[in-house]
Amino acid sequence: MIVNDILEFYRDICGERVLILVSTTVDGLCAWKILQSLLHMDNVQYTLIPVDGKSHLESAFRTHSDQNTVIVLIDCGGNINVSEELEPLPDSQVYVLDSHIPYDLDNIYDGDVVKVVIPESFDLEVPRYEDIYEEDSENEDEPNRKRRREEEEEEEDSLLPRKERWKRKREELLFTYYELSGYNLSVSLMIFELAWKMSKDNSQYLWWAIIGVTDQYLNCKIGRDQYVTTCGTVQQHVQRLNNHSDSTSVNQMKIKYSNELRLDLYRHWSLMESLKHSSYTASRFRIWTSKGKKKLNEFLADMGLPLLQCNQTFQSMDMEIRREVCGWIEVTAQKYGLDDISYGSFELQYGFKNKYCAGDVLQAVSAALTCPTLDTEAAFLRAQDTLNRSNEKLIHTGIEQSKALCCSLLNQVQAFIDMKQVVCTGPFVYAVIQEGVAELEVFAHPSRLLRLCRYLSEAYCATTRKAAVLPFIIASALPLDPEYSCIVGVPPLSVDSNKSYLGRAFHQAADKVNASVEFEDFEPSVMQIKSEDKAKFFDALTALLMT
Amino acid sequence: MSISSQSLLDGIIPEDYFSFDSILAEQQKIACVFKKSMFGLGFLDPSNQNENLVSGSKMELPLWMASYLANKEFVACELPKPYQETSRNILLADSSVVDLFKQVMYFYETGTKLIKIPHPECPHVSVSLVKTFVGRFKKIMDSSQNCRNQDLGNMCQKLDVEEKRLFEINRLSVELLDKWERRESNIIAPSNLVVQSRKRKRDQVF
Amino acid sequence: MDLSLDDTANDDEYEQLTAAQVLERLEESWVNERLSPYLLETQQEVVDCLLEQCQTVEDNFSQASSFAVGIHQLEIQAVSKNSEPRATQRIKYMVTDYVRTRLKKIEKHTEYALEEELVKDDQSVPHLSPAEFVYAREFHRNTRDHLTEMALKHMPSAFQNLDKQKSMSVPNLNTFIFFKVKEDVNDVQVDPRETPVDLSKDEIHISKYLPIAPLLEQTKIKLV
Amino acid sequence: MFGEKAVSLVKELHRCPPEQLHPVNEDLMRQVFAEMTALFEANKSDIEVNDDNKMIPSIHLRHSALEHNRRCVLAYLKQRLNKITQFRWDHGAVLPEEIQVNMQEHEKQWFNKYNKSLANYMLSLNGLDITQNTVPPKSLKIQVRCLQDYGELETDSGDIIMLTVNSEHYLPLSECEHLIKQGVLQHMGS
């Protein structure tokens, strides 16, 4: 069932011992950080288990749920059939707070053990109960009779029996409902608003929520429009909290709206390295060509920025340049057709020295979260520690790892393009990572593979314009088990909506050729496949998407 | 309330029979002259050919023995060099530069035991001990409070065992205050045993 | 926090004290105990009284929580779940640390403590509580037997008995302490060579422990 | 010089890190006992020499060495007991294997008696476990991270909590302090 009032959710979990299962996404992590503080404040005992996929969720649920009657799933569980897959005890309550849509309809309509928390403000387009679920004809009740009357009126339109017609309509509804997968409002913002409604919000919580929202946007889980709307909401919270804090102490956390460049980590790098590696600039300059490198130098000269300065670390550039350079870049970028080099974002300041912008912190946290050398839970806990204000060391470690990842991304994309490994089948473009174990490991985490896939799509479309209407797919063998490969896909670049039909298409194609596949990830367009089935899967997918 | 240095000194600090520091401080070698001959103990002095330690001959004895025998007037003791007048004058001039640890590891503990031996200069030694400590104390406190991450190995090296302990206590209390300000003071730590065995395991891995 | 003692405090001496006063008393004794070089008078009554209180609160709490349903849930949550167990936890910490500090001193100066207790006449207040006395005696015997078994037995006959005078660990009562004056006291002889001084309320002094120990026992001053 | 072996006994233990316990150096102890016996015998025969008290200084010298030796051996043994006591407070009534193997038989007996005394004393305080509550409580419950697959933890209220590696829990301090000391859980600041 649906719970609209998030306060009802919180009231229910207070006073019980709660089992919390959080998916290992940045948004989920940030939501958890806020909820955790609230639970501490209210003295609620809990057990936290981070989970990175469906089978992990199942096993953690089985191990820990016996002793907890209240279970909360954060940023996961919405798109699986919770009653069926997790088999919760009948006297327990499972709360689902998930940004993945569409929700499994059984979670919404089947019984009251599973409760999906969806604030009223979400426009949720869900088929009506009676259109989906068959009722026993013996005890037909009021709404059914009403429906029958409506149907009787339409009777002339069709000669099909009523039941048959209902079934067809049902299938159609279900198809439309499940066709596109995507993301709803960030769960961290949802929990932040819970704190706000209880008057327990503060700048720290809001900052975490901002990181969650930024994750959604920069990792293309939500489109630009949705992000801008969300930013408006966040902005209101920022103003309110800034007005309310009467303390002028420098240690006070202060959040500020700011224009942010699409340049990865430049404050912690050199401007040159950042321009070279960020997917936005690298793709548009086609940095992997010698022409591209020349063009980048031209770009810098145009701003009147000496190369020497650009190659220095950002922090050691001249004060004056540091202050002005963002403005210069924005202006000059327009001349080079980089119209949307900046986006609205937020930065956090406390003390004299500590200033972070949301994008950088996001990168540091997700580098920790997707770290190939840590197992899932350890990575989650590391990322959680990274979000703590006192852990500057961890943020810096995360930023360094993130820089290394940026380099790997560019190298890999360049290798794909230079070696002509990008294949256009007609309805989609794909590439397979052929490299050694080192690269496989760097991109072992599905979210890193997705990032690579988006990078590739951006870079490839910069040369081959017509590819912009095609989805991109990357396959990569699992480093621990090369028998299996991970396949991820991203929707076409030209579509602003971030809803994707790939997840469903993967399903269908795999079904058609009986490929041995697993959909482990909570993100539907991530799939594990037996490596030998890859070829026939791609054939089937081509055939399917051609029609 | 002001405290005269006299009142600082006349308190008798009870001896701890089981104290390692006390035992180790009594290992200090003291040059002694035998006032009475020790029959049959000539072998104790390797440089001595005689069967006995004859009256008037000189030998270094550990403090525990020297002090016992001096109190019985069987031997007369010389002060060890670091406690003699020249050294005392140096300490008086600027105590903070002297490497006490190198001279006598347990400078104060040995010193307080030393002044119980009958020797004409003892009152001077006791005054010197107090002055030296007072002179060095401020610097120890200052540096231990401001050291944080700085390397103070050099300065620490020169401290006697007791001073080192003070330094460490003070450094620790600054650290705890720091932790308290960062609200980390309530963290319960695993027992030392666990920490060490973990370290060992880690060392084995690498 | 203000716990009413009506139902539990049958002890004559403390009947008139409120819980807050008992707590204050423990707190002061605890700080004094931590800062003094040697054991102070036992405050066993205070300890027992507070432990009993904690027990009562906890019993109530566990009963309350099993009834914590329905309408009363919020109130009980607010009252029991948050405040009282947290307060008892705090009291328990103080009590524990207080007795722990004392046990450590007993372990260090076992023989001295036992001697002190033996020379005391019946009138004076004992330093050790009965349980502490038993603990000290057992600790002393146990350790003495151990040393005898491991070492003394193997030594020449004249060295098999340990001279108490030598081996007893005596606390350093001449150590310096800081104290705060709780009520005016005149003519205190802090140093036999100096003229007596008057101490007035709220002053803080540094002094050797021994001369002011009686004032501490009379709770005219407290250590800081 | 006399007494050197005894001092090396002290030095050996003095060098031993606080969290470790080496086996009793019984061999060295025996050597000290032998030296003492020799000193004692020498004094006994010197006393019988009746010659103007000329042997008295030597007797005293040996006597001081005897006293010194005794002091060192006893301090050595006492210091070991102090360490064992510390382990008891840090680690609970059952000491880790690596400590136990290096405890001498008499030390084990001493430890058992010590445990018993401590238990009796705690009984007099309504069974208050005074080896717990070592840190002033900030809140009733604390956030802990589980560092190993420990298994089930039964709480005072009878609930079972599964402690799996890298899970985090918010638990009453009193129910998990011992596990923190043992290194099963890590106390996280908030």
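Below, chain A is the first sequence line, B the second, and so on; all start at residue 1.
Taking CG of C:Leu103 as the reference point, atom CG of D:Leu118 lies at 7.0 Å (rounded to 0.5 Å). Interatomic distance, CG of C:Asn142 versus CG of D:Asn112, reported as 9.5 Å (0.5 Å rounding).
When each of C:Met150, C:Lys166, C:Glu107 is checked for heavy-atom pairs under 4.5 Å with chain D, C:Met150 comes out on top. Of the listed residues (D:Leu125, D:Thr37, D:Asn126), the greatest number of heavy-atom pairs within a distance under 4.5 Å of chain C belongs to D:Leu125. When the candidates D:Glu26, D:Glu41, D:Glu67 are compared by the number of heavy-atom contacts under 4.5 Å with chain C, D:Glu67 comes out ahead. With chain D as partner, the option from C:Arg141, C:Lys108, C:Lys104 having the largest number of non-hydrogen pairs under 4.5 angstrom is C:Lys104. By number of non-hydrogen pairs under 4.5 angstrom with chain C, the leading residue of D:Lys113, D:Arg70, D:Lys78, D:Met36 is D:Arg70.
The shortest heavy-atom contact between C:Thr96 and D:Ile130 is CG2-CA, 3.3 Å. The two residues D:Trp110 and C:Thr143 come nearest to each other via the heavy atoms NE1-OG1, 3.3 Å.
The distance between the ring centers of C:Phe159 and D:His63 falls below 6.0 angstrom.
Note: D:Phe33 and C:His154 have parallel aromatic rings, judged against thresholds of 30 and 60 degrees for the angle between ring planes.
Taking the charged nitrogens against the carboxylate oxygens, C:Glu138 and D:Lys116 have no contact shorter than 4.0 Å, which rules out a salt bridge.
Taking the side chain as every heavy atom from C-beta outward, C:Val99 and D:Tyr121 approach each other to under 4.5 Å.
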